[in-house]
Amino acid sequence: MATDPDLTSAVRASGVDRSFGGVHALRDASFAARAGEIHALAGENGAGKSTMIKVLCGLVRADRGTVEILGEPVGRVVGPAARQRLGMATAFQELSLMPDLTVAENMLLQNPPRGRLGLVSRRRLVPEADALLRRFGVDHIDSAAVTAGLSVAHRQIVELVRALATEPRILILDEPTAALPDREVAWLAEHMRRLRDQGCCVIFTSHRWREIETFADRVTVFRNGTHVTTRSRITESEAVRLMSGRSLAGGYPDVTAIPVGDSALRVTDLRGGTLRGVSFDLRAGEVLGIGGLAGQGQRDLFLMLFGARRSAAGRIAVAGRPVTIRRPRDAIAAGVGIAYVPEDRKAEGLLMPMSIRDNLSLATLDHRSRLGFIRRGAERGAVRSIVSQLGIGTRRPQTQPVGTLSGGNQQKVLMGRWLLTDADVLLLFDVTRGVDAATKHDFYRLVAELAGRGKAVLLYSSETEEIARLCHRVLVLREGRIAAELAGPVGDAERIVAASLREVPGDRD
Amino acid sequence: MTDTGRMLRRRWFDDVTASTRLVVYACAVAVAILAVGTVVHPGFASASSVRAMVILASFIGFVGAGQMLVVLVGGIDLSMPWVLNAAAIVLTTSSLGQVGRLPAAIGLALGVGAAVGFANGMGVAWLNVPAVVMTLGMNGVLQGLSLGLSKGLTCGSCASYVPEPLRRLVVGQLAGIPAELLVWAGVALFVSVLLTLTTFGRRVYAIGNNPRAAFLAGVPVRAVTVTLYTLSGMFAALAGIALVAYGGQASLGLGDPYLFESIAAVVVGGVSILGGRGNYIGVMAGSVTLVAIVTLLQAKQVPEYGRNIIYGLVILTILLTYGRERAND
Amino acid sequence: DSSGEKKGKLKIALSNSFIGNQWRVEMENVFKAACAMPPYKDEVECTVFNAGNDVATQTKQISNLIAQGVDAIVINAASTSGLNGVVQQACDRKIVVVSFDNTVDAKCGLTVNTDQVKFGEQLAQFVVDQLKGQGNVVMVTGVAGTGADNDRNAGAKKVFDANPGIKVVATYSGMWDSATAQRQTAAQLPSLPKVDGIWVSGGTDGVIKAFVEAGRPMPVAGGEAENGFRKYMAGVSTPKVNGMSIGQPPFLSVISLELARAVLKGTHPKSSITIPFPMVTSDTVKVGETVFPDLPDSFFADFTDSGPNATVVLCQAAATAGTPCPGTLTVNLGS
Amino acid sequence: MTGTETSAPVRLRWWRVLRRHTLPHLSLGYAVLAATFVAYLVVYTGRLQHLPTPFDYLSLLNTSLPLIFVAIGQSLVVLTGGIDLSVGGIVSLGVAIVAATSGAGVAATLGWMVTVLIICAACGAVNGIIIAKGRIAPILATLATLSVYGGLALKVLPVPGGSVDPQVRAVLTNPDLPTGAIWLGLAVVGWLVLRRTRFGMRVFAVGSDEASARAVGIPAVWVKVGVYALAGLCCGLAAVFYVSTTTSGDPNAGDPYILASIAAVVVGGIAFTGGRGSALGAIAGALALSLVIDVLFFAGIDPLYQSLFQGLFLVVAVLLGGGVAVIRRLRKGVS
Ligand SMILES: Nc1ncnc2c1ncn2[C@@H]1O[C@H](COP(=O)(O)OP(=O)(O)OP(=O)(O)O)[C@@H](O)[C@H]1O
Ligand SMILES: Nc1ncnc2c1ncn2[C@@H]1O[C@H](COP(=O)(O)OP(=O)(O)OP(=O)(O)O)[C@@H](O)[C@H]1O
Ligand SMILES: O[C@@H]1[C@@H](O)[C@H](O)OC[C@H]1O
Ligand SMILES: [Mg+2]
Ligand SMILES: [Mg+2]
């Protein structure tokens, strides 16, 4: 059964086409969800989930097809405002908060408190926003703060509260949990259920199957921009097969063998930013996990090790030799080389309009040049080999803009850039964030393989499960210090969470 | 058509990137204006007329080269008018019309351009002064220094003519081709090679597309930026040298028309003002287009107000044709 | 600063608009030179200000001069009309205001100028006479939207229209700038028929250079007083050009200075002055007097008047360096 | 730090908002204005041995009004992340129309002034439509329309001229009474009100992140059209005040305001990336830039070197602003 013929649908889209330039994001796609259910929308990166959501909420115009909201056809009218009036609220994957506005302004932008003469009362903005935050139990967020200064997790929470606070009849959440720590995921689930029970239609997307399984009443699977199936029960392996057209090879790799390589990266008393003295020794062949609640200094640690943020004090030795790292170039050149793969490939990694080749070779231009001239033959060869090694899905790596690749392939290009540097120390910061299951598993294999080849890997993930299953050893950060070291494969995410919470810290970052 | 043939064609078409397409558009516009010109004004596209226009376009082409380099990383250089003028004054007052002093004089003039460009670059890259402010302020600084130090060009040595060899380089011929065009071709070759074949060029586009990502990939963002502004200053100086050679002597206000012209040439040439996209062939076409429009309007004796209006409308039309940003719904 | 200031010295300030060409620099230089020569040296305390081509700035400067309590203000205005307000305020405070070159409309101010309409007429008449009323003429105009440009063009138009044998084959702006005039002419020439005469409001040497580079036969030229143009007229530069050159004399500033002084001292009625413009033809141009081979092309050659009825006689150093000339300066306001 | 703040009494909230949100935006423009004003007092009294008189303040205010209005318009545009080069053309056009229609009595003049405001707002709206609907980068779109509007101004008023009725002038920029201060006050109030409308909030939202603003249902296209139209209206006001202070019009009047308004916005501390800043800063910036001219005047700087100091002022002002921001960041600690 392709489309749900249910007449009680709160939202229904049928036969929707939408392309961007040459890319077909949606082709003849259909989707329907009922009032009073939590409906998950699943699919690989680039399957068209976000595009469908944008069509539903009127942000993107469909090239073809119809959309009905609460039984009323909305034609091809575009504009989220009109949908909002119908009781629809959306939290987007690329957050839609204005970075220069305060949290309060962001939350109350569409319906600000009025004072005398009908003017916006700037005095009442903060108290009203505070009241909302309190109502949703997240009053540790300062509503007078400028949004740009918030952590990703806090921004995600603000985005969610803004949507929840409208008490919508249709609530759409695009990857709401990707940046959320586990505790906040539970918080969100509670609110989703409450709204569902009040008769709201809740739609969400996620790449974490466990969430889909536990939260959703029904699941719709998308592949290549079309509807594949809608069911109320579906197993993970079957879902992966439906999403990707292939079955998952294995789960997490085996990390029981404890490596005994030489010291690859020794960090002594690193301070600065949120870090208050971190020391550890990462060995060749080891995958070392950095765990902890969100915002305990993980990001600062990675950025400082890579020279992208200044440290206040501390010593770093690479392969036993002390090094000074002031900027990424120093890190790349340090000893056996350090590489940093960021989580936000759009902002920190890729040059979207430039070719796959240009993106892959950016960090290693000097290796393949003579007198400043790029040796094109050598470059072409290197690009070809990494494309096949990582299985990047492209036939024209020399010219195809990287922005036209699917998310998973984009992430592989970014990984490939750093593999080309042949660095022996890899800093992987949440590289599977928002990556689909199949690609994730490719990454797991790759991490294990790299470690097997003697590379040292420092790994952070917002999915604690990944840290637990991929790492030989885990350091738990709390308030800028190492709060616990869990030696040996941890296996169970609960152990990390427990260690993070042992001394319940205040809600701050 | 055979399958392979079709495949090859397809491959070729796919590989035509957005930026290359824009170059084709820019060239098409230049040709179209010349074609329109011949229809409404016979003789407009005659060989000698085109040659005259291309020589004039080369001056815009020089400032356009510098402007393009900084625009590629999302910057802008508003100091061009007085860098150009200062270089022209330095050239004549230091060469004193003597051939023997010419190399040093050219070096000095380019050096002034480089020094000012370097200062601009340092201000933008290291002190984080917005490019608009830094270069606008620098324009004023240079104007004051040029006027003050040359006493308004009334000194005896200021009367010097440009040494003859340099004059011949701009107004003379080499194997039947105006020498100035060979110079322009040289500039085009330099800029194009720099941008497409070198690691430096690759880094320029990377910075223009995503400075943060480039920085995290080890690109020396500041060093590249400073280099680009330095080159921009040198190209403005080169334009000053060429213009003073063309006219024979320096004058005040020589650079005034070239601020907006340089920006217009860059955008009509298909360079994205947001950075990261564009190449010099387009800017050359843009320079020719600008000169051709003005020349045609003047040839038709359109009054000043009409010229301004039509000039603006033509540029708007060009922008609406291929200068639009991507739709976001 | 104010230490040398004697009680009883007249305070006269020059407020110039922009200083983007050499004419303006010379104009200021001769003003400064005059101030350093007797009788001004002992009677007048001079100051000089530039505003750029910005009416607001010049307005502020003049306000500041009023605040300073100067006795007279000599103005080359950024706008014919834009200073009327502040000039009126100056007049209300009994300050003598003299404007020259780009004069001010305000009724209460005095003006010192040449007749700009006649300027255009006379150059056009010369071209017509030389061509015996037959031929193709190119008009190169100045900065649109200014009074002088309009007046000069109107004068020329009148003459050319009156001569049916004359055909104006092109009109374009040289922006009163030799470099611009040269470039525009170079662009236009290839598509023009034979050109017999040129009428140039400013930037004449640039126009001639464009003809030379294009290998075109040299037309009869009526133009401004750029030293470069005169070099061609005198045969110092080749080819020798048959032309007439009329200059807006930079020493208008000195005459204005004298008018202000005389009015303040009560030796001259409060009335405006129109002076004849210095004019030379290829036959009368004289090296060292009306053309200077050692000075820049863009130099304005008419920094001094000459002849028995000269209004004012200045030396070269006054124009190039603002240094005083030997002797006493006499300015003849007589006409 | 965080702990004390969450439990801070409500009465401290306004301070929290002020410190976090308002002060950082206002400080640069105000600091520069204050510093410039002190410099002005020093050089003024140094030169004239007394403090500035009401006359000085009045003329400072009246001559600054046009720039202040253009700067307000420019700041609105910059707040959306754009830039408007066509302000020069719109001011010129407005000035040309007011001047060309002047001299027909008070009622007619006022009627025309209102018409001019409408026309200028329409010009701005056209910019906005080209930019928002046509999706053309603001700097390019307005570079093109600058040429168009400037051409129209030349057509309307080929030569400088016109006059303004003294009664109109007495109301707008009375040279003897501080009417200018009332208009300045109205401009400030206008901004404060605008800032407190939903439209005003949306301007900041669009400037901060247009895609996000669209996503939450803000009609970004129309917000931008509105902003450019308002900028046009501000240019119209500038034109009216220009004609009133200078008592007549010039078709090139707007040219100096292009770069000056950008400079004012920069000195006013408005981020070029949009979303951060206040038009009040731009007003302070405009006043500071006007004052610099007076500082240079009374400091007796050689006019040939004036632009040198103006250029330095611009860069140094912004550098100081950058320094202040760095210090503030250091004090706050890395967050
Ligand atoms: N604005 C856009 N411009 C160009 N291409 C786009 C745009 N938006 C989406 N696409 C392309 O459309 C396809 C579908 O994208 P979409 O964001 O809907 O996928 P998704 O299922 O949400 O993926 P993910 O799980 O990574 O969020 C992708 O190939 C994407 O690159
Ligand atoms: N895009 C960026 N994002 C964040 N920080 C940046 C960025 N660009 C530059 N920086 C800052 O600039 C500093 C040096 O940057 P960069 O490597 O570009 O300089 P550089 O020219 O290589 O320096 P040097 O001339 O000393 O070699 C870094 O410490 C970083 O803090
Ligand atoms: O009168 C003109 C003067 O104002 C300008 O500055 O230089 C050329 C002269 O003709
Ligand atoms: Mg998505
Ligand atoms: Mg460097």
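Chain letters run A, B, ... following the sequence lines, proteins first and then strands; every chain starts at 1. Computed from heavy atoms alone, side chains included, the values below leave out hydrogens, waters and symmetry copies.
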Does the pair Arg433(A) and Glu348(A) meet the rule for a salt bridge (Lys or Arg N to Asp or Glu O under 4.0 Å), with working shown? CA-CA 14 Å; Arg433(A) 179 170 148 199; Glu348(A) 305 205 305; over 6 Å; no
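- In this structure, no portion of Lys54(A) lies under 4.5 Å from any heavy atom of chain B.
- Geometrically, Arg18(A) engages Phe20(A) in a cation-pi contact, judged by NZ or CZ lying under 6.0 Å from the ring centre and within 45° of the ring axis.
- At a 4.5 Å heavy-atom cutoff, the contact between Phe306(A) and chain B is made by side-chain atoms alone.
- Proximity to chain B (any heavy atom under 4.5 Å) is restricted, for Arg376(A), to the side chain, taken from C-beta onward.
- Within the 4.5 angstrom heavy-atom criterion, only side-chain atoms of Ser361(A), from C-beta onward, approach chain B.
- Shown here for Leu360(A) and Leu420(A), the closest heavy-atom pair between the two residues is O-CD1, 3.5 Å.
- In this structure, the portion of Arg417(A) lying under 4.5 Å from any heavy atom of chain B is its side chain and not its backbone.
- In terms of non-hydrogen atom pairs under 4.5 Å with chain B, the most contact-rich of Ala347(A), Ala331(A), Ser355(A) is Ala347(A).
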Compile the donor-acceptor pairs under 3.5 Å between side chains in residues 183-195 of chain B and protein atoms, sequence neighbours left out, one pair per line.
unit_1: Trp184(B); atom_1: NE1; unit_2: Tyr280(B); atom_2: OH; d: 2.9
unit_1: Ser192(B); atom_1: OG; unit_2: Ala188(B); atom_2: O; d: 2.8

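- Heavy atoms of Ile374(A) lying under 4.5 Å from chain B belong to its backbone as well as its side chain.
- For the atom pair CG of Leu265(A) and CD1 of Ile338(A), the computed distance is 5.5 Å after rounding to the nearest 0.5 Å.
- Put simply, of Leu371(A), Thr364(A), Asp366(A), Leu350(A), the one with the most heavy-atom pairs under 4.5 Å next to chain B is Asp366(A).
- Neither the backbone nor the side chain of Ala333(A) comes within less than 4.5 Å of any heavy atom of chain B.
- With sequence neighbours left out, the salt bridge (charged side-chain N to carboxylate O under 4.0 Å, His left out) criterion links Arg202(B) to Asp358(A), Glu379(A).
- Judged by distance alone, with hydrogens and angles left aside, the side-chain atoms of Tyr205(B) form a donor-acceptor pair with the main-chain N or O of Gly278(B) at under 3.5 Å.
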